[in-house]
Amino acid sequence: MKSASFHSIDYSRDLNPAQLEAVTAAGGPVLVIAGAGSGKTRTIVYRVAWLVEHGVAPSSILLLTFTRKAAEEMLTRAALLVQGSLAQVTGGTFHSTGNLLLRRYANRLGLQTSFSIMDQSDSIDAFDHLRKSIAGPVTDLKSFPRARTIAEVVSRSKGTQTSIRDSLEYRYPHFVHAGELIEKIGAEYEEYKRLNNLIDYDDLLLHTIRLLEEYEDVRRDVSARWQHVLVDEYQDTNRLQARMLVLLASDHGNVMAVGDDSQSIYAFRGADFRNIMEFPDLFPGTRIIKLEENYRSTAPILAVTNSIIERASVGYPKRLYTRRAGGPLPLAARPMDERRQSRFVVQCVKELVEHDIPIREVAVLFRAGYHSFDLEAELARNSIPFVKYGGFKFIESVHIKDVLAHLRVVANPADRLSWTRILKLLPGVGVKTAMKLADRIAGTGIPNDAAELFPRSGKHHQEIQKLLDLVRRLKQTDEPLANKVDQVNQYYYPHLMENYDNYPKRMKDLEHLTDLTVRYRSLYRFLNDMALEPPDEERTGNDRRSNSLVLSTIHSAKGLEWHTVILIWAAEGRIPSPMAMDSPDELEEERRLLYVAATRAKHNLVILAPRTMMDRARGISQVRPSRFIEEIPQEYFRGLALD
DNA sequence: CAAACAACCTTTTTT
DNA sequence: AGGTTGTTTG
């Protein structure tokens, strides 16, 4: 590596010794264990800058992050440091990088480059179809796993490279007897995707791995292109991603992985935090660097978070410390019920605002999206502005999916899944007819005359004809994407108005979708991004500059920080989630989740555990504070006792 | 075989 | 409170 003639960045001033060691490491594998708030992002940003300053071409750097947005932010910051453009750096997720390579080398694997990416619900739709057609005739579907369950099990089996049976054992041992049939459905699913030119999330990784494993020339080209690979949030990668990383770096070994085993919270979707433990085995000669100085939180907060995590059963031993000695003790309180919890939060927020804390520096965190419903109502009553992250997504709403399905058949006419979806919207067309028509269209192309499709029924020809005309027109024209989307919208609005009382809101969503397309030149790109990096409503629509209280699931709060964090529902039955109760591994993950939540706080941490909980099944019941909270020495808290 | 209606149940977290 | 799933009707 050649050295630059002069440095505009004073690395040793801006970084602590451990960070500096990571940033200035020579080539070869490096694992950075970065505790919460230890300047992880800063380290990656400076690392990119350092590489570029030392003669590494930006185009030969690959930055793998959890979301593309994270990559963009880091690159923006790094570009400011080096005072130059880093547009040539490839930044994105493992999935989007896989997509990039597969589009380019699709022919090697016998794939068409025009493949569409299925999101999770597309995949569930496909399984639903296969479940009915394969399992339906031979078994009572009432005692057979639902499509979502099958999708989850099959995906897990692929992601963890284990058998269907083992994957069933993990969370659905009561369905092990259905293993054989599920295996059959899994096999059919592969065939179904091939036939329809579809690829799911797992495939993006699996095909990429196959590509790099089986085609040495491709692998050499790829590792020649990206000479340095940086990975963020390594604790949340799965086995396939680790494998992909090995292949990407196989020719040069220049890999820097950054992560924190204590913050691994995605095992439910196949992430395996053993990846971070086994990194040194995967990359012999790994240098391990630990970042243990916390710059985010005050000492009293850190006392609580350290106390949470030191009871964890596995992980790299580490202990965070801070020089920020002062600050109030975290507050723990037990409101009588949910209503009072919500009022307590409102009260806190009002007081903070009176003390001139910007409201956007305050966050309310919770385990699951629906835990904040009551609070949202209370905030609205008090006219407190808020934005919510996590939970249900814009992209998942029916009307958005419907419109996207129209666009997808334009991009990929073989996509029966989308054809079926949009045909079902027509009057007089149900599942059966839709599938039959989808088959015909995918097989022989879009006919000019609807009558060719459906010679017998006269009544609904006009409607089918309109759809066919729309799709054909969109395929042929060269107009801007936004126009095309708008044509679909116009076509779709009548259906919307007929079926939903809240159609004005949904129409607004569709206009928002149209706005999103303005940045795109190609329909393919747009559809890819919608599948790989769906926009979240809040962050795009409601600019984050907006001065609003933040409501967020703990998962969506990862990597962020606030002056004050209020954790609601820190109670048994919420954290840990009941779903995790009977698995020690999952319980451990719940503990880490609580750790992630608490470590987001800079100055104030408030933990609330209502005494009662409303439950649909049981009605009102008494609840204890979360076991992870009860374990913490009480003297670490101020305020009301936990009992 | 589609449409209208009822029941239901779901909802952990998400690339 | 929402959509999904099942049931009945036409």
Side-chain angles (χ1 to χ4, degrees), chain A residues 64-71 92-99 117-121 123-125 128 131-132 141-142 146-149 152 155 159 171 200-205 233 236-238 240-241 264-271 365-373 376-377 389-393 395-399 401 423-436 456-457 459-460 498-502 505-506 528-534 536 552-558 569 573-581 586 589-590 592-594 596-597 615-617:
Chain A
L64 295 168
T65 55
F66 201 63
T67 62
R68 190 186 45 192
K69 178 167 301 178
T93 61
F94 279 90
H95 290 90
S96 66
T97 305
N99 177 56
I117 299 168
M118 309 165 84
D119 68 17
Q120 177 179 301
S121 71
S123 170
I124 292 170
D125 287 348
D128 190 51
R131 171 178 181 267
K132 283 174 182 147
L141 286 180
K142 280 192 174 153
R146 314 201 155 284
R148 334 175 24 135
T149 311
E152 186 187 325
S155 170
R171 280 177 75 172
D200 68 17
Y201 287 146
D202 300 316
D203 294 335
L204 286 171
L205 305 178
E233 308 282 13
D236 286 321
T237 53
N238 66 19
L240 299 181
Q241 289 165 321
S264 160
I265 53 176
Y266 281 91
F268 68 90
R269 71 169 202 220
L365 305 184
F366 33 83
R367 175 67 179 86
Y370 67 94
H371 292 168
S372 69
F373 286 167
E376 287 167 43
Y389 300 130
F392 282 116
K393 286 192 146 176
I395 200 80
E396 284 161 4
S397 38
V398 186
H399 49 294
K401 297 212 59 165
L423 286 162
K424 266 194 303 200
L425 298 174
L426 299 171
V429 179
V431 194
K432 294 276 175 180
T433 314
M435 289 202 317
K436 208 160 65 187
R456 261 164 296 164
S457 143
K459 239 176 34 185
H460 301 308
E498 203 166 317
N499 290 282
Y500 300 96
D501 289 340
N502 61 355
K505 180 176 172 243
R506 292 174 191 256
N528 275 338
D529 273 14
M530 287 304 111
L532 289 173
E533 300 272 345
D536 42 309
S552 176
T553 59
I554 300 173
H555 283 89
S556 299
K558 181 163 94 162
W569 280 122
R574 297 285 205 219
I575 309 180
S577 159
M579 322 293 285
M581 293 291 188
E586 287 182 72
E589 178 148 316
E590 298 289 309
R592 295 192 293 268
L593 211 40
L594 188 71
V596 169
D615 191 299
R616 270 182 317 279

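The basis for the numbers below is simple: all heavy atoms, side chains too, and nothing from hydrogens, waters or symmetry mates. Within every chain, numbering begins at 1; the chains are lettered A, B, ... in the order of the sequence lines, protein sequences first and strands thereafter.
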A:T97: what forms a side-chain hydrogen bond (donor to acceptor under 3.5 Å, both in side chains) with it, not counting sequence neighbours?
-> none
May I ask you to say what A:P578 touches in the nucleic acid, namely base, sugar-phosphate or nothing, with a heavy-atom cut-off under 4.0 Å?
-> nothing
To the nearest angstrom, the NZ-P distance between A:K401 and C:dT4 comes to 10 Å
When every non-hydrogen atom of A:A71 is compared with those of A:G92, the smallest separation belongs to CB-N, 3.8 Å
N or O in side chain of A:R506 less than 4.0 angstrom from C:dG3 OP1/OP2 = yes
Look for any protein N or O under 3.5 Å of an N or O in nucleotides 5-10 of chain C and output each such pair with its distance, or none.
none

Set of side chain to side chain contact (heavy atoms under 4.5 Å, CB included) partners for A:S577, sequence neighbours left out = A:R367, A:M579, A:E590
Every protein N/O within reach of nucleotides 13-15 of chain B N/O, cut-off under 3.5 Å:
| residue | atom | partner | partner atom | Å |
| --- | --- | --- | --- | --- |
| B:dT13 | OP1 | A:G369 | N | 3.0 |
| B:dT13 | O2 | A:R367 | NH1 | 3.4 |
| B:dT13 | O2 | A:R367 | NH2 | 3.1 |
| B:dT13 | O2 | A:H555 | NE2 | 3.4 |
| B:dT14 | OP1 | A:S556 | OG | 2.8 |
| B:dT15 | OP2 | A:K393 | NZ | 2.7 |
| B:dT15 | O4' | A:R269 | NH1 | 3.2 |
| B:dT15 | O4' | A:R269 | NH2 | 3.3 |
| B:dT15 | O2 | A:H95 | NE2 | 3.4 |
| B:dT15 | O4 | A:Q120 | OE1 | 3.1 |

Mind checking what makes salt bridge (Lys or Arg N to Asp or Glu O under 4.0 Å) contact with A:R148, not counting sequence neighbours?
-> none
Length of the CD1-C1' vector between A:I124 and B:dT10, whole Å | 13 Å
Distance in angstrom units between A:N502 CG and C:dG3 C1', rounded = 12 Å
d(CD, A:E376; C1', B:dT11) in whole Å = 14 Å
Could you list the residues that satisfy side-chain hydrogen bond (donor to acceptor under 3.5 Å, both in side chains) with A:K132, not counting sequence neighbours?
-> A:D128
Can you tell me the distance, in whole Å, between the CG atom of A:L425 and the C1' atom of B:dA2?
-> 14 Å
List the steps and the verdict of side-chain contact (heavy atoms from CB on, under 4.5 Å) for A:Y266 and A:E233.
-> CA-CA 11 Å; A:Y266 281 91; A:E233 308 282 13; over 6 Å; no
Take the protein atom CD1 of A:I554 and the nucleotide atom C1' of B:dT11, then report the distance between them rounded to whole Å.
-> 15 Å
To the nearest angstrom, how far is A:Y500 atom OH from C:dG2 atom C1'?
-> 10 Å
Quick one: are A:R68 and A:D529 in side-chain contact, heavy atoms under 4.5 Å?
-> yes
Inspect the surroundings of CG in A:N502 and state if more than 12 heavy atoms from other residues, nucleotides or ligands are less than 6.0 Å away.
-> yes
Given atom CZ of A:F373 and atom C1' of B:dT11, what is their separation to the nearest angstrom?
-> 8 Å
Quick one: does A:S96's side chain have a donor or acceptor within less than 3.5 Å of a partner on A:T93's backbone?
-> yes
Hey, which of these two, A:V431 or A:S577, hits DNA chain B nearer its 5' end, going by closest nucleotide?
-> A:V431
